[in-house]
Amino acid sequence: MASYEFDIGILGGGAAGLTVAAGAARLGARTLLVEKEKELGGDCLHYGCVPSKTLIRTAQVYHLMKTSRQFGLPAIEVPTVDYGEVVKRIQSVIQTIQEHDSEERFCSLGARVVFGSPVFTDDHAIKMDGETYSAKRWVIATGSSPSAPPFEGLAEIPYLTNKDIFSLARLPESMIILGAGPIATEMAQAFCRLGTEVRVVQRSGQILSKEDKDMADSIMEVLRSEGVQFYLNSTVQHVKSNGNDEQEVVINQEDSAPVSLKAEKILVAMGRKPNIMDMGLERIDVAFDRKGLKVDERLRTNLKHIYGAGDVTGAYQFTHAAGYEGGIVVSNAVFHLPRKVNYTWLPWCTYTDPELASIGMNEKRAKETGIGYTVWTEAFKANDRSLAEGERAGKIKMLLDEKENPIGVQILGPHAGELLNEWVSVLNGKVKLSTLASAVHPYPTLGEINKKVVGSYFSPKIFSDRVKKGLKLFFQLKGRACE
Ligand SMILES: Cc1cc2nc3c(=O)[nH]c(=O)nc-3n(C[C@H](O)[C@H](O)[C@H](O)COP(=O)(O)OP(=O)(O)OC[C@H]3O[C@@H](n4cnc5c(N)ncnc54)[C@H](O)[C@@H]3O)c2cc1C
């Protein structure tokens with residue numbers, strides 16, 4: 001039997017790779033972790049979730065300062081933003097989390113960490129900086145990168161991506177954002193709140209195109225009211241640079257002449273491409289396509305001892321999905337307990353203000369699947385805590401199938417991502433809706449909206465004419481006291 005230096009080798013030290021490395025090493029597997037960059041942590045820590053949420057919070061505080069009158073406070077003249085200070089705060093948050101994702105920590109868990117660009121020499125070995133490392137099993141968890149759309153002129157101009165925006169030397173005066181997905185929408189609001197004039201160009205007629213239109217449109221209205229300008233149903237004709245401080249995007253819109261937009265910076269946020277190149281995958285015949293590594297439900301590639309996890313598979317590109325998939329790989333590759341992925345209750349959240357959080361099916365997905373459903377809603381303007389907080393926008397939508405079982409929930413509102421966690425438990429734990437309806441929630445909390453939407457489903461049943469008639473008959477109730 002062939003012998004290998006390591007039980008498991010992992011390419012990529014981001015959310016997926018780190019989960020596998022920690023799990024495998026702690027279970028006693030001889031583990032190798034290979035990272036291309038100088039530090040562990042991946043996109044989420046350095047260029048994604050962590051810096052974006054830190055920036056969003058800073059922008060939110062600045063926005064609150066500017067809107068102090070709405071809280072019965074004196075109006076204040078706020079100075080302009082020093083983006084250098086904002087970058088310092090972002091870096092300090094990254095550095096704090098970096099300690100948790102450090103080489104030392106993984107070494108203390110028992111994994112060997114090496115830095116460099118690996119290339120497969122055969123399906124059990126990689127070569128890097130003249131050294132060969134062999135492992136019985138491999139995991140490819142190399143993540144994804146911002147994709148550059150083939151717009152005329154884009155390759156010739158200095159455009160920004162998520163790799164640049166959290167370390168800019170100063171706040172741009174104006175910015176055109178190409179794309180209107182979660183990253184684009186979050187950044188549009190954050191930069192606009194900080195003082196940048198923001199315009200968003202979107203090909204379709206809706207922002208956040210995976211979400212239901214009513215929810216996405218509500219977010220767009222909030223952003224519009226704060227000053228973000230949207231160009232929907234617009235395709236980019238070409239892009240050019242008019243010098244360092246002026247970039248130009250010419251867009252085509254239905255039934256109108258081309259429109260020229262000019263701004264200091266262009267941010268491209270039009271999707272992601274998997275990091276699968278230059279690793280020798282072709283040489284060892286691992287199957288992949290434009291979207292990413294092809295994996296089965298146990299996350300095995302066509303070579304059963306090579307697994308794929310995280311963004312590189314092109315499935316659900318979230319940190320928590322990468323972590324979940326990392327756990328599935330540990331189960332299959334180290335424990336030898338066959339486990340398949342199941343994304344039925346995979347939640348996600350777009351961290352605009354208000355946030356939009358989702359689990360299970362929304363109306364769009366239910367329609368695509370052909371499932372019959374009913375929708376139950378409750379508005380935040382009817383939630384006492386929401387009013388006290390000065391938050392009026394948004395609602396919760398609960399979808400039930402034909403058998404009246406929950407198939408999905410979306411929450412648009414303050415702290416929606418946090419509020420969704422109750423549904424994560426309810427849906428994964430198969431908790432009955434009647435249990436949620438009868439559970440006591442503290443008052444006044446935003447979370448009461450979860451109970452209330454379930455109440456809106458039960459109340460026509462409880463307070464029906466039939467029930468009232470029965471009660472009248474059995475207990476001689478006298479009926480209304482006020483007409
Ligand atoms: C702006 C932005 C905001 C985001 N916000 C959120 C959010 O709020 N919530 C959320 O859930 N998700 C968010 N995401 C998505 C999240 O960052 C990714 O889904 C997550 O990082 C995927 O983890 P991963 O391990 O697959 O990839 P990564 O975290 O990118 O890790 C891959 C690692 O592999 C390394 N690598 C690449 N090529 C090689 C190679 N050839 N050899 C060795 N190593 C290699 C990379 O350097 C990297 O360290 C956001 C993304 C962006 C861009």
Side-chain angles (χ1 to χ4, degrees), residues 9-22 32-57 90 97-98 101 103 113-120 126-129 133 138-147 160-166 177 179 181-188 190-191 267-281 292-293 295 299 307-327 329 346-352 355-358 417:
I10 302 142
L11 304 189
L18 293 177
T19 306
V20 181
L32 173 73
L33 176 61
V34 186
E35 168 54 50
K36 194 171 156 188
E37 299 286 335
K38 288 195 200 87
E39 285 175 309
L40 299 176
D43 244 33
C44 177
L45 177 57
H46 297 285
Y47 313 106
C49 334
V50 173
S52 64
K53 268 75 255 181
T54 309
L55 180 74
I56 284 169
R57 176 68 177 146
I90 292 173
I97 300 174
Q98 182 73 70
D101 289 353
E103 185 186 346
V113 182
V114 288
F115 294 92
S117 296
V119 176
F120 278 101
I126 56 154
K127 198 164 189 179
M128 208 173 66
D129 300 326
Y133 303 85
W138 284 96
V139 185
I140 300 170
T142 46
S144 65
S145 302
S147 49
L160 305 174
T161 69
N162 66 295
K163 293 232 156 173
D164 318 291
I165 45 175
F166 306 114
I177 302 183
I183 297 171
T185 310
E186 288 179 3
M187 291 303 100
F191 276 96
L267 169 63
V268 176
M270 298 194 70
R272 314 275 305 166
K273 62 171 195 284
N275 295 330
I276 39 177
M277 303 316 284
D278 308 323
M279 284 188 282
L281 294 184
L293 275 188
V295 289
L299 300 178
Y307 294 76
D311 277 17
V312 73
T313 67
Y316 291 89
Q317 297 188 318
F318 302 108
T319 295
H320 48 280
Y324 167 67
E325 290 166 2
V329 170
L346 185 90
W348 65 76
C349 183
T350 300
Y351 298 90
T352 43
E355 296 178 355
L356 175 52
S358 179

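Positions are given from 1 along the sequence. Hydrogens, waters and symmetry mates play no part in the numbers below; they use all other heavy atoms, side chains included. Atoms within each ligand, like the ligands themselves, are counted from 1 in listed order.
Neither the backbone nor the side chain of Trp348 has a heavy atom within less than 4.0 Å of ligand 1. Only the side chain of Lys53 comes within contact range of ligand 1, with a heavy atom under 4.0 Å; no backbone atom does. Contacts of Ile183 with ligand 1, taken as heavy-atom pairs under 4.0 Å, involve the side chain alone. When heavy-atom distances to ligand 1 are checked against a 4.0 Å cut-off, Asn162 comes that close only through its side chain, counted from C-beta outward. At a heavy-atom cutoff of 4.0 Å, ligand 1 is contacted by the side chain of Met279 but not by its backbone. Only the side chain of Arg272 comes within 4.0 Å of ligand 1, counting heavy atoms alone; its backbone N, CA, C and O stay farther away. Here Ala141 has backbone heavy atoms under 4.0 Å from ligand 1, and that is the only part of it that gets that close. The backbone and the side chain of Cys49 each have at least one atom closer than 4.0 Å to an atom of ligand 1 (non-hydrogen atoms only). Looking at Cys44 against ligand 1, both its backbone and its side chain come within 4.0 Å, counting heavy atoms.
Within the model, atoms CD1 of Ile140 and CG of Leu299 stand 12.0 Å from one another, a figure rounded to the nearest 0.5 Å.
The two residues Ala141 and Gly17 have their closest heavy-atom pair at CB-N, 3.7 Å. Residues Val312 and Asn275 share a closest heavy-atom pair of CG2-O, 3.7 Å. Here the closest non-hydrogen pair linking Leu356 and Thr352 is N-OG1, 4.4 Å. In terms of heavy-atom proximity, Cys49 sits nearest to Thr319 at SG-OG1, 3.1 Å. Here the closest non-hydrogen pair linking Cys44 and Pro51 is O-CD, 3.6 Å.
With ligand atoms numbered from 1 in the order given, ligand 1 contributes 43 (C), 44 (N) to contacts under 4.0 Å with heavy atoms of Val34. Residue Tyr351 approaches ligand 1 through these ligand atoms, each under 4.0 Å from one of its heavy atoms: 8 (O). Proximity to Gly310 (heavy-atom distance under 4.0 Å) selects the following atoms of ligand 1: 26 (O). Atoms of ligand 1 found under 4.0 Å from any heavy atom of Gly13 (numbered from 1 in listed order, with element): 33 (C), 34 (O). Remark: ligand 1 atoms within the under-4.0 Å shell around heavy atoms of Ser52 are 3 (C). Close contacts of ligand 1 with Ala16, meaning ligand atoms under 4.0 Å from a residue heavy atom, involve 25 (O). Heavy-atom proximity to Gly12, at under 4.0 Å, picks out these atoms of ligand 1: 33 (C), 34 (O), 35 (C), 43 (C), 44 (N). Residue Glu37 approaches ligand 1 through these ligand atoms, each under 4.0 Å from one of its heavy atoms: 47 (O).
Side chains of Ser144 and Asp311: a donor-acceptor N/O pair is present below 3.5 angstrom, by distance only.
Each of Phe120, Tyr307, Tyr133 was checked for a ring pair (Phe, Tyr, Trp, His ring centres under 6.0 Å) with Trp138, and the lone residue meeting it is Phe120.
Scanning the protein for heavy atoms near atom 2 (C) of ligand 1, the closest one is Gly48 CA, 3.3 Å. With respect to atom 31 (O) of ligand 1, the closest heavy atom belonging to the protein is Gly14 CA, 3.2 Å. Given atom 15 (C) of ligand 1, the protein heavy atom at minimum distance is Gln317 O, 3.6 Å. Of all protein heavy atoms, the one closest to atom 27 (O) of ligand 1 is Gly143 CA, 3.3 Å.
Within 6.0 Å of NZ in Lys53 there are more than 12 heavy atoms belonging to other residues, nucleotides or ligands.
Residue-to-ligand polar distances keep Pro118 apart from ligand 1: every N/O pair is separated by 3.5 Å or more. Below 3.5 Å of separation, one finds an N or O of Asp43 facing an N or O of ligand 1. Remark: ligand 1 and Thr319 share an N or O pair separated by less than 3.5 Å (distance only, no angle test). Any N or O atom pair closer than 3.5 Å counts here, and Asp311 shares at least one such pair with ligand 1. Taking distance alone, with nitrogen or oxygen atoms compared against 3.5 Å, Val312 stays at or beyond that limit from ligand 1. Residue Lys36 has at least one N or O atom closer than 3.5 Å to an N or O atom of ligand 1. The distance criterion of under 3.5 Å between nitrogen or oxygen atoms is not met by Asn275 with respect to ligand 1.
Compare Met277, Glu35, His320 by their heavy atoms: the one nearest to atom 49 (O) of ligand 1 is in Glu35. Between atom 38 (N) of ligand 1 and the options Leu45, Thr350, Thr142, Val20, the minimum heavy-atom separation is to Thr142.
Contact check for Val119 versus Met128: no side-chain heavy atoms found under the 4.5 Å cut-off. Counting only heavy atoms from C-beta outward, the side chains of Leu293 and Leu281 approach each other to under 4.5 Å. In this structure, Ile126 and Met279 have side chains that are not in contact, with every pair of non-hydrogen atoms separated by 4.5 Å or more.
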Exercise for review: Tell me, with the steps shown, if Glu325 and Val20 meet side chain to side chain contact (heavy atoms under 4.5 Å, CB included).
Suggested key: CA-CA 9 Å; Glu325 290 166 2; Val20 181; over 6 Å; no
**Study point:** Criterion side chain to side chain contact (heavy atoms under 4.5 Å, CB included) on Leu33 and Leu18, from CA distance to verdict
**Key:** CA-CA 8 Å; Leu33 176 61; Leu18 293 177; 3.8 Å; yes
Review point. When you look at Phe191 and Leu267, which way does the side chain to side chain contact (heavy atoms under 4.5 Å, CB included) test go after all the steps?
Key: CA-CA 11 Å; Phe191 276 96; Leu267 169 63; 5.6 Å; no
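Ion pairing between Arg272 and Asp43 holds under the 4.0 Å rule for side-chain N and carboxylate O.
Ring-plane geometry between Trp348 and Phe318 is classed as parallel, the angle between the planes falling under 30 degrees on a 0 to 90 degree scale with a further cut at 60.
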